[in-house]
Amino acid sequence: MAAADAAGVLGRADFDVIVVGAGIMGSCAAHAAACRGSRVLLLERFDLLHHLGSSHGHSRTIRDAYPKARYPPMVRLARRLWGDAQADAGYRVLTPSPHLAMGPRSNAALLAAVENGGAAEVDVGGRWGGGVFRVPDGWVTAVSELGGGVLDATKAVAMFQALAVKKGAVVRDNKEVVGIVKKDGGPGVRVTTSDGEEFHGAKCIVTVGAWTSKLVRSVAGLELPIQPLHMLTLYWKIKPGHERELTAAAGFPTFSSYGDPHVYSTPSLELPGLIKINYDGGPPCDPNSRDWVSGGGDAADRVARWIEEFMPGHVVTDGGPVVRQSCMYSMTPDKDFVIDFLGGEFGHDVVLGAGFSGHGFKMGPAVGMILAELAIDGEARTAAEAGVELRHFKINRFKGNPTGNSKDD
């Protein structure tokens, strides 16, 4: 792009689509909209690739093994789009690995995940050596061989932002959006930032993660039951002599251990000699005033007890985790996403993607495509063609029903 053209783009105030929030969902939505030829503006309240939300770090799992059958079609669509983006970028953000689901045979969620993910029961001792997992009698251990893996989160966000810019999108960071209002006398919206800038868009996509409830309440007067949780990402030292066994290169899986506590892990990859094993939960928090010292609650203690019971020969718990990193989940009461038009005075001019409840990152490209199509076309044809049913993700499921889809699941 010539210097004069670049200056004109950066100075533009009118866009076809304005995306608010540049985490994985917003970055994918901006890319998808730009690929359609739309003039796109992507706004981020913090520095790009910051560590204050939910899209940072170096490992997220991708898997088909889901208790709810509504998600595997979206995962499969996302997997295809991950492949397309990697091919376009010329580098990889996804490291393949099998996925192991394990837990008591009485756990209905586990059995549903095994069935929906096409997993096959295996002898973990024969697959990864008898000393890695100490599995109780009566437990299910099932492996999905294809399609699983580990996503490098920060690298993936950067990839989609770069691809969006390549397609003509404008990306601006340190632009906190404080206002979204209908344009006077016509369709579209005016978006204002805390430093007084104003942008005009035919459509707006809101993907602000843990700040969703605050922004939606401010601009639309709508109360959404999306509760941020303070999560801890924990890395534990692998016992000497076993480092190679637990690596992705050696074929060690991502895994989920169902029950209490619900623990999940990715193989040793980004930090040699360490393995990420986390508790899938955390205390409620305010994203603007988190307790950075003890905000993650007792997650480390829960995981340490799990390791001592199930992986005592391979992972060190003395002294606790070697690395602790803060993250946030944006939880809905039913753990289902919110993907819908904001409605009210905004009609179909504002589309909301939120409440990804700790399991949305893997589906980022699919969600981004859906949000872009809803904004541009008023419907998500790609989702329909892929067998993704968006009715589960409507805002109105909470009207008079604070638990949402939970009553039907």
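- Atoms OG and CZ, from S55 and R60 in turn, are 7.0 Å apart once rounded to the nearest 0.5 Å.
- Residues T192 and E198 have side chains that never bring a donor and an acceptor to within less than 3.5 angstrom of each other.
- Residues W82 and F160 bring their aromatic ring centres within 6.0 Å.
- Note that CG of L269 is 7.5 Å distant from OG of S59, once rounded to the nearest 0.5 Å.
- Although no hydrogens or angles enter the test, the distance criterion places no donor-acceptor pair under 3.5 Å between the side chain of D173 and the main chain of D47.
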Are T254 and V150 close enough, and set up right, to give a side-chain contact (heavy atoms from CB on, under 4.5 Å), and what steps lead you there? CA-CA 8 Å; T254 62; V150 182; 3.7 Å; yes
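- Here the shortest heavy-atom pairing between P253 and P267 reads O-CD, 3.6 Å.
- Of the inter-residue distances, the one linking M231 atom CE with T233 atom OG1 reads 8.0 Å to the nearest 0.5 angstrom.
- Under a 3.5 Å cut-off, the side chain of Q227 and the backbone N or O of T332 do not form any donor-acceptor pair.
- No side-chain heavy atom of V124 sits less than 4.5 Å from a side-chain heavy atom of V132.
- In this model, a donor atom of one side chain and an acceptor atom of the other lie less than 3.5 Å apart for H58 and D152.
- Checked against the 6.0 Å centroid threshold, F337 and H392 do not count as a close aromatic pair.
- Not a single donor-acceptor pair under 3.5 Å links the side chain of H348 to the backbone N or O of L374.
- Side-chain contact check for E121 and T141: no donor-acceptor pair (N or O, by modelled atom type) lies under 3.5 Å.
- Exactly one residue among F252, F310, W306 makes a ring pair (Phe, Tyr, Trp, His ring centres under 6.0 Å) with F133. That residue is F252.
- Geometrically, R302 engages Y279 in a cation-pi contact, judged by NZ or CZ lying under 6.0 Å from the ring centre and within 45° of the ring axis.
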side-chain contact (heavy atoms from CB on, under 4.5 Å) between I277 and I307, intermediate numbers included: CA-CA 9 Å; I277 307 178; I307 292 170; 3.9 Å; yes
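- For the pair D377 and R381, the salt-bridge criterion is met [side-chain N within less than 4.0 Å of a carboxylate O].
- Ion pairing of E145 with R127 is present here, as a side-chain N (NZ or NE/NH1/NH2) and a carboxylate O approach within less than 4.0 Å.
- Remark: side-chain polar atoms of R63 are paired, donor with acceptor, to backbone N or O of A65 under 3.5 angstrom.
- Panel note: side chain S27, backbone G23; a donor-acceptor pair is recorded below 3.5 Å.
- Proximity of a side-chain donor or acceptor of N116 to a complementary backbone N or O of P67 within less than 3.5 Å is detected.
- Taking all atoms of both residues into account, the shortest heavy-atom contact from A210 to P287 is O-CG, 3.5 Å.
- Aromatic pair W128/F255: centroids not less than 6.0 angstrom apart.
- Comment: D64 engages R79 in a salt bridge, judged by a side-chain N to carboxylate O separation of less than 4.0 angstrom.
- For the pair A34 and A164, the tightest heavy-atom approach, listed with the atom from each and the gap, is CB-O, 4.0 Å.
- Remark: the backbone N or O of G404 is paired with a side-chain donor or acceptor of N401 at under 3.5 angstrom.
- Ion pair D336/R70 flagged as a salt bridge, since at least one NZ, NE, NH1 or NH2 atom sits closer than 4.0 Å to an Asp/Glu carboxylate oxygen.
- We find that D318 and K237 are not joined by a salt bridge, their nearest charged nitrogen and carboxylate oxygen being 4.0 Å or further apart.
- Atom CZ of R391 is separated from atom CG of D340 by 14.0 Å, given to the nearest 0.5 angstrom.
- The backbone N or O of G355 lies less than 3.5 Å from a partner atom in the side chain of S357, making a donor-acceptor pair.
- Note that CD1 of I275 and CG of L246 are 5.0 Å apart. Values are rounded to the nearest 0.5 Å.
- Looking at L371 and I339, their side chains come closer than 4.5 Å, going by heavy atoms from C-beta outward.
- Looking at R80, its side chain never comes within 3.5 Å of a backbone N or O of L77 through a donor-acceptor pair.
- In L271, the CG atom is crowded: over 12 heavy atoms of neighbouring residues, nucleotides or ligands sit closer than 6.0 Å.
- Of all the heavy atoms in V20 and C204, the pair that sits closest is CG2-SG, 3.9 Å.
- In this structure, K239 does not pair ionically with E245, as no charged nitrogen and carboxylate oxygen lie closer than 4.0 Å.
- For the ring pair (Phe, Tyr, Trp, His ring centres under 6.0 Å) criterion with H359, the lone passing option out of Y329, Y71, Y264 is Y71.
- Going from atom CE of M25 over to atom OG1 of T207 covers 9.0 Å, rounded to the nearest 0.5 Å.
- Within 6.0 Å of NZ on K167 lie no more than 12 heavy atoms contributed by other residues, nucleotides or ligands.
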Determine, step by step, whether F46 and W211 satisfy the ring pair (Phe, Tyr, Trp, His ring centres under 6.0 Å) criterion, reporting the C-alpha distance in whole Å, the side-chain angles of both residues, the deciding distance to 0.1 Å, and the verdict. CA-CA 12 Å; F46 302 113; W211 288 266; 5.5 Å; yes
Evaluate side-chain contact (heavy atoms from CB on, under 4.5 Å) for F356 paired with V367, printing each intermediate quantity in order. CA-CA 10 Å; F356 294 102; V367 172; 3.8 Å; yes
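- The nearest pair of heavy atoms linking I395 to L224 is CG2-CD2, 3.8 Å.
- With a 6.0 Å radius and a threshold of 12 heavy atoms from other residues, nucleotides or ligands, E308 has its CD atom above the threshold.
- When atom types are taken as modelled, the side chain of N107 and the backbone of A109 share a donor-acceptor pair closer than 3.5 angstrom.
- For the side chain to side chain donor-acceptor pair (under 3.5 Å) with E44, the qualifying choice from K175, R172, H50 is H50, the only one to do so.
- Side-chain contact check for T61 and H99: no donor-acceptor pair (N or O, by modelled atom type) lies under 3.5 Å.
- Nearest heavy-atom pair across M328 and L52 is CE-O, 3.2 Å.
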